[in-house]
Amino acid sequence: MQRSESSTLPSREYDAIFAVLDDCAQAASLPEFKNLLMDALHRRYRFPNTTFLTGATFRGAFRDPHPVTTGRITPIIDEYTAGWYADDMFATPQSYAALARNRAICHTSLRELPTEAVTYLDRFLYRHRLKSASVLHLALAGRSHAMVGIFDDEDKSVPPERLAGLGLLARQLSTFAQTLPGHDAPSWRSALTPRQAQIGELVADGQTNEEIAATLCIGLDTVKKHVSAVLAVTKTRNRVEFAKLVLTEELARA
């Protein structure tokens, strides 16, 4: 655990973190881990409305055709997977950058959301009386991604100190989750460097070169060079063809 994050947390947050880790430690597979974590979040944190989505890329996780859900999310998940997932405010480049730093964020920390994400909040979450949303970003085996959603229907946003604790929990859960049996890394990644694979994910998720540069805090010329290398190594002619390659493999895994 990182000292800069953990030094200000009250003891009850540590108690919850270690309790969840203990609950999940008996998992022998990713499906088992998903269910154990959902149950632990309910028992240890009193979070009744949760989701667990996975995908080969960050944005691809929001397209998960078989998410694990609890509470009030279960009756509305079909509506989400039918199209709302594309406008989820946590699927934005801004969210990607925030989760890279903190691993757990609340929707209120995201400013100047695109119009589609605002519509998602107003016409999906708020319409279903879900008043607050938070998310944990986990790293899985094969460099896949998991998004663990936490939703409130009683106007009780996750307090900052609890959110910081959830960020620590997400890091520890990621370390454990990567030891679980899972799919091998998708073939398009195999000949790429870690940075190229990261940029390839963002290309597949629809980000422009300018958005990738802003998200990763690197120069535009550097992004262009990496994108060219990704296309060359994967033998794809353009960004659309590369995105189809990634999506095809993602669907095969699902």
Side-chain angles (χ1 to χ4, degrees), residues 2-5 53-64 85-105 107 109-117 135-147 167-168 170-171 174-175 177-178 182-253:
Q2 295 184 8
R3 184 175 180 181
S4 60
E5 288 182 294
L53 302 94
T54 62
T57 68
F58 176 82
R59 190 171 174 82
F62 296 89
R63 298 191 296 264
D64 187 347
Y85 71 87
D87 300 327
D88 196 318
M89 68 277 182
F90 291 131
T92 60
Q94 181 187 165
S95 175
Y96 180 97
L99 286 166
R101 296 189 300 268
N102 302 319
R103 286 298 181 98
I105 60 174
H107 83 276
S109 66
L110 300 175
R111 308 297 182 191
E112 299 181 0
L113 289 169
T115 302
E116 296 82 0
V135 67
L136 281 66
H137 179 205
L138 309 185
L140 304 179
R143 290 189 282 182
S144 296
H145 299 258
M147 309 303 297
L168 280 172
R171 287 183 169 84
S174 293
T175 299
Q178 291 176 51
H183 299 278
D184 294 334
S187 62
W188 65 266
R189 300 175 187 266
S190 59
L192 299 177
T193 67
R195 176 60 98 182
Q196 289 170 349
Q198 183 183 38
I199 288 177
E201 284 190 13
L202 299 181
V203 169
D205 285 343
Q207 289 198 28
T208 65
N209 288 347
E210 290 76 11
E211 288 174 330
I212 293 172
T215 298
L216 301 180
C217 298
I218 59 178
L220 183 58
D221 287 342
T222 300
V223 173
K224 292 178 179 179
K225 290 178 182 178
H226 281 309
V227 170
S228 295
V230 168
L231 298 180
V233 171
T234 58
K235 295 181 173 60
T236 50
R237 293 172 293 180
N238 51 51
R239 301 167 84 98
V240 173
E241 189 172 302
F242 174 74
K244 288 181 179 179
L245 170 67
V246 176
L247 179 59
T248 299
E249 291 188 351
E250 186 174 328
L251 291 174
R253 291 177 65 250

So which atom in Val230 and which in Leu192 form the shortest heavy-atom distance, rounded to 0.1 Å? CA-CD2, 4.1 Å
Arg189 side chain to Gln198 backbone, donor-acceptor under 3.5 Å: no
For Thr175, enumerate each residue passing the side-chain contact (heavy atoms from CB on, under 4.5 Å) test, keeping only those at least two apart in sequence or located in another chain. none
Shortest non-hydrogen contact from Ala139 to Ala177? O-CB, 4.1 Å
Quick check: does any side chain N or O of Ser109 sit under 3.5 Å from a backbone N or O of Ile105, one acting as donor and the other as acceptor? no
When every non-hydrogen atom of Ala104 is compared with those of Gly167, the smallest separation belongs to CB-N, 3.5 Å
Whether the side chain of Glu241 engages the backbone of Arg237 through a donor-acceptor N/O pair (distance < 3.5 Å, no angle test) should be reported. yes
Determine whether a donor-acceptor pair (N or O, by modelled atom type, separation under 3.5 Å) exists between the side chain of Thr92 and the backbone of Met89. yes
Just to verify, what does Ala146 make a side-chain contact (heavy atoms from CB on, under 4.5 Å) with, not counting sequence neighbours? Phe52, Thr54, Leu138, Leu140
Give a yes or no on whether the backbone of Gln207 and the side-chain of Asp205 come within a donor-acceptor separation of less than 3.5 Å. no
His145 vs His137 aromatic rings, parallel, tilted or perpendicular, using cut-offs 30° and 60°? parallel
For Leu231, check side-chain contact (heavy atoms from CB on, under 4.5 Å) against everything at least two apart and list the hits. Val227, Thr236, Phe242
Side-chain donor/acceptor of Thr57 to backbone N/O of Glu201, under 3.5 Å: no
Shortest non-hydrogen contact between Trp188 and Leu245, atoms and distance: CB-CD2, 3.8 Å
Roughly how far, to the nearest 0.5 Å, is the CZ atom of Arg59 from the OH atom of Tyr85? 8.5 Å
Should Leu216 and Val223 count as side-chain neighbours, where that means a heavy-atom distance under 4.5 Å? no
Lys244 backbone acceptor or donor facing Thr248 side chain under 3.5 Å: yes
Separation of Leu113 CG from Asp87 CG (nearest 0.5 Å): 11.5 Å
For Phe58 against Tyr96, the heavy-atom pair lying closest together: CG-CD1, 3.4 Å
Roughly how far apart are Thr222 OG1 and Ile199 CD1, rounded to 0.5 Å? 8.0 Å
Which is it for Leu136 and Arg103 under the side-chain contact (heavy atoms from CB on, under 4.5 Å) test, yes or no, and what are the steps along the way? CA-CA 6 Å; Leu136 281 66; Arg103 286 298 181 98; over 6 Å; no
Quick one: list whatever passes side-chain contact (heavy atoms from CB on, under 4.5 Å) with Leu220, sequence neighbours left out. Asn209, Glu210, Lys224
Between Val135 and Met147 the two heavy atoms that sit nearest each other are CG2-CE, 3.7 Å
Could I get the full list of salt bridge (charged side-chain N to carboxylate O under 4.0 Å, His left out) partners for Arg63, not counting sequence neighbours? Glu250
Contact list for residues 201-232, test ring pair (Phe, Tyr, Trp, His ring centres under 6.0 Å), sequence neighbours left out: none
